[in-house]
Every structure is written in structure tokens, then in C-alpha cells.
Amino acid sequence: MPPIFALVDCNNFYVSCERVFQPLLCGQPVVVLSNNDGCIIARSEEAKTLGIPMGLPFFQMREQFPNLSIQVYSSNYALYGDMSARVMSILKQFSPQVEVYSIDEAFLDISGCAGGDLKAYGHRIRHTVKQWTGIPVSIGIGATKTLAKLANRLAKRADAAQGVFDLTGSKPQDDVLQSTPVKDIWGIGRSYSRLLQANGIATALALRDADDRWIRKHMGVVGIRIVWELRGISCLPLERHAPPKKSLMVSRSFGRSITSLDDMREAVATYASRAAEKLRRHRLAAGILSVFLMTNRFKSDEPQYSNDIKITLPVASSDTAELIAYALAGIEHLYEAGYRYKKAGVLLTGLVPAHQIQMHLFDARDRERAQKLMTLVDHINTQMGSGAIQYAVAGFRPRWQMRRARMSKRYTTQWDELAVVRAV
DNA sequence: TCTGGGGTCCTAGGACCC
DNA sequence: TCTGGGGTCCTAGGACCC
């Protein structure tokens, strides 16, 4: 049986999560900010209607919309991650074939599940997710992932069929593709969009019927796959199991610029420590550690500097102390006094499963002991809350910490932040 | 004062080898 | 004047995604 893809996408996901626990926000313009309260990364429909663009820096929103009353939240990933897991577990009851594509999206293969009426099945999914979690979703159905994505866009339109759009029927496809600008196709970004339009390919229909050789030449195999998917030939299979991670990064902009090596050391030690925790959670070890730092690229009047260094470890490791040591050695090498640093980060690559680390003959480190210590630290931090135990080099209450002034409570993952309901 | 973070895949080009 | 051909591997950078 050929697959039938349903793309289930949570509407304005972060805003919807906030609304579940603060129903007063429903009907009001709401936005959620990126880390460091930097940019707007989620908007309610009301906020979109007001003309607030995606990615707008928060301080510019305050300049441009000074008189509007908009509810603003810092991003609360503890809450969003947990709500996402709830939504995904519900979707798995509607199909054994689910690919969790991002925090707020999943592809389902619903061939064989829907019993003939795809649209009705979509509505059942939508209704169940809403009832059980409070999160509204939109569902697009198509013969390929690309077409399901496209259908999802239509499902979100107010005039469409209440959140579900089925594109598998052959009839309506041409006009739908005709009315879809190339920039709205999954996989077509700014640059390809410009290229295509400059060559007279402005709609999904035109792209579907474009010349393969031209596409291959200018957009590579990625482009060919998009075109074929638009023709209904599935090139992107459902991936039920996430392929193994190839890299892992922890980086943050600083709440205020760093101008001393001591502060930079604290920040980088903190990031290395977080990265090591992530490694262990995925049962991985890293063979290569890169560190980078940079000044604020938006401040053209300030001297600019950015640099990075890549360190190959003698033996792949997930030991916090060891990764911190390499990261500090790296950052001390990169650090130049006299700049105002805005961001730094630690990137781990050369990842291998923790159980198949290649040992080194002259390795002096007592790795067994280190591993026991890490297991203990992780256990304590799981029980007592993240950060209960940490390395002193990472600093306490550091000056450079990111801003998150408008954070809601962690309603679903923290006992002392549960929602309180009062019966009057 | 103020501008996110974390990923993947693909391609071109250089280094190196026979 | 004129300077092979064909591989592999690695890396940096571009493009895209959410």
C-alpha cells in the first residue's frame, strides 16, 4: 500500500501552550520570545493580524507598536517540551507510523488507518488532541511529505475546512498548486525562491512542471526531490526512528556583553557542562570539541572579532570535567582582550555510542571512576533539580546569564509550580 | 540596554594518491 | 605553444528546516 502522509502541526505552538494554563490569554494578542528575550518566535493569530512579523527583535516591537497591549512571554522550553510529548503520544494512537519531525510537528502514515475517509480521520485526530491536551492542531494530507506540508498550509487558512485539508484527490491539485507561491513550498527558502522567480517559475504548479535538467543543474538533487514530490512521487520516506545524532551544540547569547576572561571562562564551562549532560542523556561520547566566541555583529561601531578552535580528544568522552578542561584551554587560546563579546558556544562532533569508545594505549585517565561520578551527578541533578550539583568554574549567579524576564511557570514538570485552581 | 538556538544535507574545491 | 586521468577523502560554506 502506498503511504498517505498526514502532517499534524500544532497551531502557534508556544502561544497555545501558554494559553492552556492561562485561558485569559485566549482571544488576546500574545507573543513568545526567543532565548535572551531577543526575538519574537511565536505569535497568536491576533498578533499576526496586528502585523507583528516573525523574528522581529523584541525591542523593535516595543518601538513599532508602543500603544498596543500585547502579552509577552519568555520561552519556557520545560513546558513546551512536555506538552509536545503529550501531543506526540496521542498521535501514536492514531498510527503506528509516526515521525516526530520537530517539537510541534509530526508526519503520520495513515494509509491503512483511516478506513477510506481521510478527512474524517483527520478531524478525529484534531478533536482528540484538542480535548486531551488543549492544543489546537492543523492537519494536511497528501501523497508525499511535500504535498502534506502544502496541504497543511491550506488547512491553517481561516476559510479552509476547519483545520484539515486533504490533497490526495487528483482534481483540486492543479488550482491549489497554481495558487501556491514557490516560497511557500517546503525546502524552498529565500535564495531558491529568488532564483526560481527570476527564471519564470513562480508557483508550485510551475515548479512541478519544470525541466528536470535545469532543476538538477541549479538546485542539485535536493531540488529534484522537491519537484518529484510535487508530482506525487514520494522521495522522502517516513523516518520513524531518529537517525543517530552527528553533532550537538550548546551556545547562548549573553544577557550583557562579556569583557573579561574570567566571565568568559564561566560561560564556556557552563556550556561545556550542559553539552556533556546532553551527551550522557543520549548515551554518546564526543571525539571532537569545538569552541567559539563572537562579538555583537549588529554593533557596527564596535570592533568585531569571532573565532573558533577545534580540539580532537585523545579518547572520546562525555566526562564533564574533561570536556570543561578542553573547552577552557580552547577559549583561553581564542580570547582577545579589548572586545565586547556577545555569544560563545561549544560544539561536539565525532559522536560515538558511549559503549563503543576506542581506548587509547597511553591514556592515563581513570575513566571508570569518572563515569561513576558522572552517573552520580546526573542522578542527583535529576532528583534535586537541574544544577543542584555543578562545577565551581561554571560560576554561581553569573552576570552574563541570559535574560528571561517574562517566563511563565513550569506547570507540568515542577511540583511547586503546578497550576492552582480555586473554586468560588 | 535590546537582534535565538540547534540541527541536517549537499556541493565545490583542495590535498593527496597511483 | 605544449603539462594526464581518475579516484578518494576532507573541509568549508551554502541552503534549508523548525
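Values below: all heavy atoms of this structure, side chains included; hydrogens, waters and symmetry mates excluded. Each chain gets a letter, A, B and so on, in the order its sequence line appears, and its residues count up from 1.
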Atom pair distance, as rounded to whole Å: OH in A/Y14 and P in C/dC18: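 The distance from OH of A/Y14 to P of C/dC18 comes to 12 Å, rounded to the nearest Å.
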
What nucleic acid atoms does [X] come within less than 4.0 Å of, heavy atoms only: base, sugar-phosphate, or nothing?
| X | value |
| --- | --- |
| A/I188 | sugar-phosphate |
| A/I185 | sugar-phosphate |
| A/D37 | nothing |
| A/F298 | base |

What does the B/S/- profile of nucleotides 5-11 of chain B look like, 5' to 3', with a 4.0 Å heavy-atom cutoff to protein? SSSSSSS

Could you pull out all residues at least two apart from A/H218 that satisfy ring pair (Phe, Tyr, Trp, His ring centres under 6.0 Å)?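 Partners of A/H218 by the ring pair (Phe, Tyr, Trp, His ring centres under 6.0 Å) criterion, ordered by chain and then number, come out as A/W214.
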
The helix from B/dG5-C/dC18 to B/dC18-C/dG5: angle between end helix axes, five pairs per end, rounded to 10 degrees: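 Axis-to-axis angle, ends of the helix: 10°.
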
Side-chain atoms of residues 238-251 of chain A: list all donor-acceptor pairs with protein atoms under 3.5 Å, sequence neighbours left out, distances to 0.1 Å.
unit_1 : atom_1 : unit_2 : atom_2 : d
A/R240 : NE     : A/P96  : O      : 3.3
A/R240 : NH2    : A/P96  : O      : 3.3

Test the A/K409-A/F21 pair against the cation-pi criterion, namely NZ or CZ under 6.0 angstrom from the six-membered ring centroid and within 45° of the ring axis.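 So A/K409 doesn't make the cation-pi contact.
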
Please determine whether a side-chain nitrogen of the Lys or Arg among A/R406 and A/D37 lies less than 4.0 Å from a carboxylate oxygen of the Asp or Glu.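 No.
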
For DNA chain B, which residues of residues 74-83 of chain A approach it to below 4.0 angstrom with any heavy atom?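 Contacting residues: none.
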
Suppose the criterion is salt bridge (charged side-chain N to carboxylate O under 4.0 Å, His left out): which pairs have a residue in residues 303-331 of chain A, not counting sequence neighbours?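 Those involving residues 303-331 of chain A are A/D319-A/R365, A/E322-A/R365, A/E322-A/R367.
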
